[in-house]
Structures are given as structure tokens and as C-alpha cells.
Amino acid sequence: MPQGINLTLLIGESVPRPVSSIFTEALQKIEVTHSDEGRSGFQITFQAGRAGRDDLQDDQLVENPLLSVFNRVIMTVSVGATAQVLIDGMITNHQFIPASEPGLSTLIVTGEDVSVMMDLEEVSVEHVAQSETNIVRSIVGKYARYGLTAKVVNPPFQDQPTANERTPSQQGTDLEYLQSIAQRYGYVFYVTPGPSSGKSTAYWGPPPRQPQSQKALIVNMGSLSNVESIQFEYNALAANQVKGQVQDRKTNQITPINQSTGTRSNLAQRSALQSQAHLRTLQFRETARLQAQADAFAKAMIDRSTDRVVTATGELDTVRYGGLLRSQEVVGLAGVGYSYDGLYYVKNVTHTLSSGQYKQRFTLTREGLGTTTQRVSV
């Protein structure tokens, strides 16, 4: 690891423990991805292969029971005096690549965060007289043994139908269902490791877009620069408005749906919804909804469409940055120019650790051009 950065690797069947020198000496590379879509994951690359008397039948790592599938892996990274849980997940895949020379084979261990345990069993369940937020808390509570706690944000419209009106029905895995009901409101569902080892937070709510105290990404500013590369894309076809009609299930009246604004707080000075001359128009096709519910769903369609009007992808050096860029939060960017400087939502971050270096690749998004702030945290 680079100077000033320390990695702690714990693996175990139920309670992960620090690994022995057999693992640390064979470790070549670690890659961890955090994302607000789907499961986060990790990949550990070891140098393997039979090289000594102890390896006559099989390589010690290949046969080591610690690397059995569905064993738990926890990685903690310390940058200076600050420690952060990088991943807490389960091993789901092995890839062994033999080499012709002794001791130069490769063993790649892949895994996903603990939410993978929520995606193993399809069920048919009725959630009688339950709101979406109560359903989320109930489902997440089933996985408390993995250290999961729920953080739930109430949607703009709480739908809690009585047993006589309708019954929310789940057909699929718990993870699939939580993600599907999140999408109705333009919400996300993901699991973040920490804040302490063995604990994780299951978040169900809108993408968190409140400015945080993350260190800014700096480009083309001499010794202050910490971004090694970055590029931007503006997609004029991303933002949508929504039109249509809905028949209210209580009043039976048909009313129009005409929405051109979402619920997201703006990170850009010129949102595509207000600044573009043309917007794509989507039809609202759901029926048997309450008027307020239909309006909330239409705004969610708009929110999802504006999430990737502007996309920035890049890479930074962790030592120069001086910390870990946190996904699912807001970060400032400076040094590019007025159009692309300012605040962004960090959609995903991939951490790559190998001998002598620690890189972070990132994807940032927002709804338009222009900065809303003249200062960012450095």
C-alpha cells in the first residue's frame, strides 16, 4: 500500500477475523465498487499456484476454507488517522488461472455487499394494509443478523391501502421488490458499509443531494490538483416531461397529468428542464391511482430522467486527494470552468488498491450546466 494508507482484511464464516500472512503476502490487487444502483461489490486478486512442499496436492489459497463461497469479507482502509469500512460482503465467485511457471498462478475472489443475501430467494408475499415505508423496514429487519439497519425516507405520497382496496403483492426476491417500489418515487435502494465493522446501512429514499463536507475534486490548479483525468458528457435527450391522464380510484374521475418539474434539489444553475428548447415527452400510462399518487409518480419519472443529463467520469489519486471519495453523496468540483464547475452527486466510486498505488474512479451526475456556488470545500 502507498505510504500513509493501511488496509485491514477480515474474512470468516460468520465472524470475520484478520487474515494470516499467507493472504497478505499473496495479495496483488483489490477492487471495490460502491454504487447507488444494484449491489456494491469487491474483487481480490491473489498470486497463487503450487510452489513448495506444502502445495503438493493443491495450492494453499485455493484449498483454504476461509475463501469458501458465502464467507464474509470486511475491508477497512485508513488514510492517515481516518479509518473507513470499504466493503462488507459475501464471497460469491472464484476464478483460478493456472500459470506455466510455479507460484505465478492467479486466484481471483469476487463478492458482493451483504444485500446479496436479500436476493437469493424468490417469494410470493402479500403485504396487507402496509405502506411502502413499513414494508421496507419489515423486509430489512429480516437481515439484522448481517448488521443491517434501515434508513428510510418517507415518500411525498404515503400509499397505505386497506385490505378492501387492494393488497401490495411481492413476486420476487426481497432486493428486487425494494428496488421496484423505490423506483416508483425516483428513489434508490442500496447498502453502505459501516460506520463500524460488521454494521451496514440499508438506505431507501431519494439520492442524497445535500451538500456534504467532502473534499473537493480539483482540476488544473497546480499543486492543489487531485484529479488525474476527467471528462464530461451532456445528454440533451435525457430530461423528460410527463403528460397523460389518470382515473382516480376513489372518485372515479379522469383528470389530466401534466408535469414538467421534479422534486430534486438543483445542483446546477441551469437545469435542462428549464433551459432546453425541447424536451422529450413521456406518457403517463398508470391507472387506478389517486390523483396525488399519480402526480408523485409522474414527478419521479422526471427525477429519474434528469439524474444523468450531465455525467462526469474520472480518476483521482487517493494520496493526493487525502481521503476516500464517498459515493451517494454530493461533492464539489473546481478548475474546469463555469459550465462544469460546482456541485455533483457521486453516483459510483471504484477503489483500486495495488502495490504502491491507490486510485479511485468515479462517476458524477447532475441535471444541467452552471455552478450554483463560488466556493467548494478543499
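Note that the structure is predicted; figures quoted are calculated from it, not measured.
- More than 12 heavy-atom neighbours from other residues, nucleotides or ligands sit within 6.0 angstrom of CD on Gln283.
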Test salt bridge (Lys or Arg N to Asp or Glu O under 4.0 Å) applied to Asp36 and Lys347, step by step: CA-CA 6 Å; Asp36 71 347; Lys347 192 164 188 64; 3.1 Å; yes

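- Distance check: Leu333 CG to Asp341 CG gives 5.5 Å after rounding to the nearest 0.5 Å.
- Listed here is the closest heavy atom pair of Ala268 and Thr372: C-CG2, 3.4 Å.
- Note on Glu228 versus Arg320: no salt bridge recorded, every NZ/NE/NH1/NH2 to OD/OE distance being 4.0 Å or above.
- Put simply, Ile74 and Leu324 are part of two different groups of oily side chains (I, L, V, M, F, W, Y) that touch within less than 4.5 Å, one to the next.
- Every ring pair (Phe, Tyr, Trp, His ring centres under 6.0 Å) that Phe232 has, sequence neighbours left out, goes to Tyr340.
- Between Leu325 and the options Thr318, Val331, Asn226, a side chain to side chain contact (heavy atoms under 4.5 Å, CB included) holds for only Val331.
- Between the Ser225 side chain and the Met221 main chain, a donor and an acceptor come within less than 3.5 Å of each other.
- Contact annotation: the side chain of Leu61 approaches that of Phe23 to within less than 4.5 Å [non-hydrogen atoms, C-beta and beyond].
- Proximity of a side-chain donor or acceptor of Ser305 to a complementary backbone N or O of Ile302 within less than 3.5 Å is detected.
- Between Leu9 and Ile44, some side-chain heavy-atom pair lies under the 4.5 Å cut-off.
- Under the 4.5 Å side-chain heavy-atom criterion for Ile, Leu, Val, Met, Phe, Trp and Tyr, Val330 and Val153 are members of distinct hydrophobic clusters.
- Side-chain contact between Val73 and Ile91: present, with at least one pair of heavy atoms (C-beta onward) separated by less than 4.5 Å.
- Under the 4.0 Å criterion applied to side-chain N and carboxylate O atoms, Glu329 and Arg209 are not assigned as salt-bridge partners.
- Remark: Arg264 engages Asp303 in a salt bridge, criterion side-chain N to carboxylate O under 4.0 Å.
- For Thr306 (side chain) and Glu367 (main-chain N/O), no donor-acceptor pair under 3.5 Å exists by modelled atom type.
- Under the 3.5 Å distance criterion, the side-chain polar atoms of Thr373 are matched with a main-chain donor or acceptor of Arg375.
- The minimum heavy-atom distance between Ile87 and Phe42, with the atom names listed, is CG1-CD2, 3.8 Å.
- When hydrophobic clusters are built by joining Ile, Leu, Val, Met, Phe, Trp and Tyr residues whose side-chain heavy atoms come closer than 4.5 Å, directly or via intermediates, Val376 is not grouped with Val219.
- In terms of heavy-atom proximity, Leu66 sits nearest to Ile11 at O-CG2, 3.1 Å.
- In this structure the side chain of Asp88 never reaches within 4.5 angstrom of the side chain of Asp113, judged on heavy atoms.
- Taking the centre of each ring, His127 and Tyr177 come in below the 6.0 Å mark.
- For the pair Ala294 and Val246, the tightest heavy-atom approach, listed with the atom from each and the gap, is CB-CG1, 3.8 Å.
- The list of ring-ring contact (aromatic ring centres under 6.0 Å, His included) pairs with a residue in residues 291-339, not counting sequence neighbours, reads Tyr185-Phe297.
- With rounding to the nearest 0.5 Å, the separation of OG in Ser105 from CD in Gln47 is 8.5 Å.
- Gln84 and Thr82 are not linked by any side-chain donor-acceptor pair at a separation below 3.5 angstrom, with hydrogens and angles left out of the test.
- Residues Phe46 and Lys29 form no side-chain contact, since every pair of their non-hydrogen atoms from C-beta on lies 4.5 Å or further apart.
- Judged by distance alone, with hydrogens and angles left aside, the side-chain atoms of Gln259 form no donor-acceptor pair with the main-chain N or O of Ala300 at under 3.5 Å.
- Put simply, Val32 and Tyr358 are part of the same group of oily side chains (I, L, V, M, F, W, Y) that touch within less than 4.5 Å, one to the next.
- Remark: the backbone N or O of Leu86 is paired with a side-chain donor or acceptor of His34 at under 3.5 angstrom.
- Annotation: the span from Leu282 atom CG to Met301 atom CE amounts to 4.5 Å, rounded to 0.5 Å.
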Quiz: residues 186-196 side-chain donor-acceptor pairs under 3.5 angstrom, not counting sequence neighbours:
{"unit_1": "Tyr187", "atom_1": "OH", "unit_2": "Asn154", "atom_2": "O", "d": "3.0"}

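- Distance check, rounded to the nearest 0.5 Å: CD1 of Ile257 to CD of Glu286 gives 10.0 Å.
- Ile30 places none of its side-chain heavy atoms less than 4.5 Å from the side chain of Thr352.
- Contact annotation: the side chain of Arg39 approaches that of Asp119 to within less than 4.5 Å [non-hydrogen atoms, C-beta and beyond].
- Linking Ile, Leu, Val, Met, Phe, Trp and Tyr residues whenever their side-chain heavy atoms come within less than 4.5 Å places Val116 and Val136 in a single cluster.
- The number of heavy-atom neighbours closer than 6.0 Å to CZ of Arg166, taken from other residues, nucleotides and ligands shown, is above 12.
- Gln328 places a side-chain N or O within 3.5 Å of a backbone atom of Ser35 that can act as its donor or acceptor partner.
- For the residue pair Ser124 and Gln171, a side-chain donor N or O sits within less than 3.5 Å of a side-chain acceptor on the partner.
- Once rounded to the nearest 0.5 Å, the distance linking OG of Ser339 with CD of Gln269 reads 10.0 Å.
- Contact check on Arg308 versus Glu233 returns no salt bridge, with no Lys/Arg side-chain nitrogen under 4.0 Å from an Asp/Glu carboxylate oxygen.
- Look at Asp317 and Lys359 and you find a salt bridge, because one of the NZ, NE, NH1 or NH2 atoms lies within 4.0 Å of a carboxylate O, short of that distance.
- The nearest pair of heavy atoms linking Arg366 to Thr371 is NH2-N, 4.5 Å.
- Environment of NZ in Lys199: sparse, with no more than 12 heavy atoms of neighbouring residues, nucleotides or ligands closer than 6.0 Å.
- The two residues Val310 and Gly368 come nearest to each other via the heavy atoms CG2-O, 3.4 Å.
- Using modelled atom types, no side-chain atom of Arg289 and backbone atom of Arg249 make a donor-acceptor pair closer than 3.5 Å.
- Residues Val336 and Asn220 are not in side-chain contact: their nearest non-hydrogen atoms beyond the backbone lie 4.5 Å or more apart.
- No donor-acceptor pair closer than 3.5 Å links the side chain of Trp204 to the backbone N or O of Lys151.
- A side-chain donor-acceptor contact under 3.5 Å links Thr173 to the backbone of Glu176.
- For the atom pair CG of Leu10 and OG of Ser197, the computed distance is 5.5 Å after rounding to the nearest 0.5 Å.
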